[in-house]
Amino acid sequence: MSSESVKGRTLARSFYRRDSRELAPMLLNKLLVHDDPAAGRLAVRIVEVEAYAGSTDPASHAYRGRTPRNATMFGPPGHLYVYFTYGMHFCMNIVAGDGEEDATDPGGDASAVLLRAAAPVAGIDAMRARRPKARHDRDLTSGPGRLAQALGVARAQDGVDLTRGPLRVLDDGVEPPRRPGRSTRVGLREGRGDRDRWRWWVPGEANVSRAKPSGG
DNA sequence: GGTGTGATCGTA
DNA sequence: ACGATCACACCA
């Protein structure tokens, strides 16, 4: 099918230059667009996110300092951090923070927002082709590994500048929810204290992941 | 609806 | 060894 036109204003660097816990809920309902050389224009609407802080957050990849794997987190905000996990899945994050070093913040704050789920907007046929096991369109992008697979994002896209492309984040005028759903983060051992309710989602949205924060 | 488990490999 | 996970089996 022909992809719908995707309109909106590309978010500027300044949008990302804030604490990941402030940025995360602001990303809800924003459009993520991938101008994929193989599949054409793919677009999704972000419906579930998690915030990861830097050196103070034991669940963050940045907690134990800079390594080749997490180097993008230590760079400027507004870039895509992609990592490989469980031997088979890629996950996408947006780098947050001011990216600047100071005495209390060696290496910069190295914070990021994990994109956990989105709703397909354009290029759905290409997403179905990339995810033949999805029985249902709601399974195309309703989880961090699923989302990366549907969008054709892997380690090659680590570090791309989201203010330039081929991946971009657009504001098309749909506001974030006034009262987002909120809980502790999913799939962690560390950093799921009751205070760390750093997962947000769009209430009632079918493409929010089924994952539940693991309890004790 | 739910719960349990194997897959699979880069990273530390 | 162990994941910021997924899909499938099985039970209900």
Side-chain angles (χ1 to χ4, degrees), chain A residues 16 19-21 23-25 27-28 32 44 46-75 77 79-97 107 109-120 127-159 180-201 206-216:
Chain A
Y16 303 103
D19 190 283
S20 62
R21 289 158 291 189
L23 175 64
L27 288 167
L28 293 175
L32 174 64
V44 298
I46 297 167
V47 301
E48 181 184 350
V49 294
E50 282 177 359
Y52 288 82
S55 57
T56 58
D57 178 3
S60 171
H61 289 174
Y63 184 59
R64 287 171 183 83
R66 182 179 182 141
T67 68
R69 179 205 202 195
N70 65 21
T72 299
M73 284 186 88
F74 288 81
H79 289 245
L80 188 69
Y81 166 48
V82 181
Y83 67 88
F84 181 64
T85 192
Y86 290 103
M88 55 197 118
H89 302 297
F90 293 95
C91 296
M92 308 169 67
N93 301 254
I94 297 178
V95 178
D109 44 12
S111 59
V113 177
L114 172 67
L115 303 181
R116 282 200 56 89
M127 298 184 203
R128 292 187 187 119
R130 284 217 166 104
R131 289 193 33 74
K133 290 182 191 165
R135 307 193 42 154
H136 214 206
D137 279 357
R138 78 192 307 170
D139 299 327
L140 287 173
T141 53
S142 54
R146 294 169 173 184
L147 175 62
Q149 187 178 24
L151 290 178
V153 168
R155 201 67 209 267
Q157 281 73 39
D158 179 47
R182 189 171 175 189
S183 78
T184 55
R185 295 175 291 183
V186 171
L188 308 175
R189 272 218 293 219
E190 309 278 357
R192 26 167 227 215
D194 291 346
R195 325 171 299 288
D196 302 337
R197 291 166 55 239
W198 295 349
R199 175 190 184 216
W200 291 267
W201 67 87
N207 288 274
V208 170
S209 76
R210 295 250 196 91
K212 288 180 185 164
S214 22

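A, B, ... follow the sequence lines: proteins, then strands. Residue 1 opens every chain.
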Side chains of A:P144 and A:E50: does their closest heavy-atom pair fall under 4.5 Å?
no
Minimal heavy-atom distance between A:N93 and A:A112, with the atoms involved, is CB-CB, 4.0 Å
Using every non-hydrogen atom in the two residues, find where A:A211 and A:R199 come nearest and quote the distance to one decimal.
O-NH2, 3.1 Å
Touch check for A:R146, heavy atoms < 4.0 angstrom, all strands: base, sugar-phosphate only, or nothing?
sugar-phosphate
Work out which heavy atom in A:A118 is nearest to a heavy atom in A:T141; give both atom names and the distance.
O-OG1, 2.6 Å
With a cut-off of less than 4.0 Å, is there a side-chain N or O of A:R210 near OP1 or OP2 of B:dG2?
no
Closest to the A:M88 side chain, choosing from B:dA7, C:dA4, C:dT5:
B:dA7
Below 4.5 Å, heavy atoms only, C-beta onward: do A:Y83 and A:R69 meet side chain to side chain?
yes
Need one value for A:R155: base, sugar-phosphate or nothing, where a base atom within 4.0 Å counts as base even if backbone is also close, heavy atoms only.
sugar-phosphate
Between atom CD in A:E48 and atom P in C:dA4, what is the gap in whole Å?
16 Å
Represent DNA chain B in dot-bracket notation, 5' to 3'. Only Watson-Crick or G-U wobble pairs with both distances under 3.5 Å count; pseudoknot-style crossings use [ ] and interstrand partners use |.
|||||||.|||.
For the side chain of A:R69, starting at C-beta, report the closest nucleotide among C:dC8, B:dA12, C:dG3.
B:dA12
Take the protein atom CG of A:D158 and the nucleotide atom P of B:dG10, then report the distance between them rounded to whole Å.
15 Å
Got a salt bridge between A:R21 and A:D57, using NZ or NE/NH1/NH2 to carboxylate O under 4.0 Å?
no
Examine C:dG3: is either OP1 or OP2 under 4.0 Å from a nitrogen or oxygen in the side chain of A:R189? Give yes or no.
yes
Of A:V95, A:L80, A:V82, which is the lone residue that meets side-chain contact (heavy atoms from CB on, under 4.5 Å) with A:T72?
A:V95
From CZ of A:R131 across to C1' of C:dT5 the rounded distance in Å is 11 Å
Does A:V153 form a side-chain contact (heavy atoms from CB on, under 4.5 Å) with A:F90? I'd like the steps, not just the answer.
CA-CA 8 Å; A:V153 168; A:F90 293 95; 5.8 Å; no
Would you mind reading off the distance between A:H89 atom NE2 and B:dT8 atom P, rounded to a whole angstrom?
11 Å
Looking at B:dA12, B:dT8, C:dA4, which one has an atom nearest to any side-chain atom of A:L188?
C:dA4
Counting side-chain heavy atoms from C-beta on, which of C:dC8, C:dT5, B:dA7 comes nearest to A:Y86?
C:dT5
Whole-Å distance between C:dA1 P and A:R64 CZ?
17 Å
Quick one: A:N70 CG to C:dG3 C1', roughly how many Å, whole number?
15 Å
Counting the atoms with a prime plus P, OP1 and OP2 as sugar-phosphate, which does A:R199 contact under 4.0 Å by heavy atoms, base, sugar-phosphate, or nothing?
nothing
DNA chain C nearest-nucleotide lookup for A:A134 and A:T85: closer to the 5′ end is A:T85
Does the structure show A:Y83 stacking with C:dA4, if we require the centres to be closer than 5.5 Å and the planes to be within less than 30 degrees of parallel?
no
Which is true for A:F84 with a 4.0 Å heavy-atom rule: it touches a base, it touches only sugar-phosphate, or it touches nothing?
sugar-phosphate
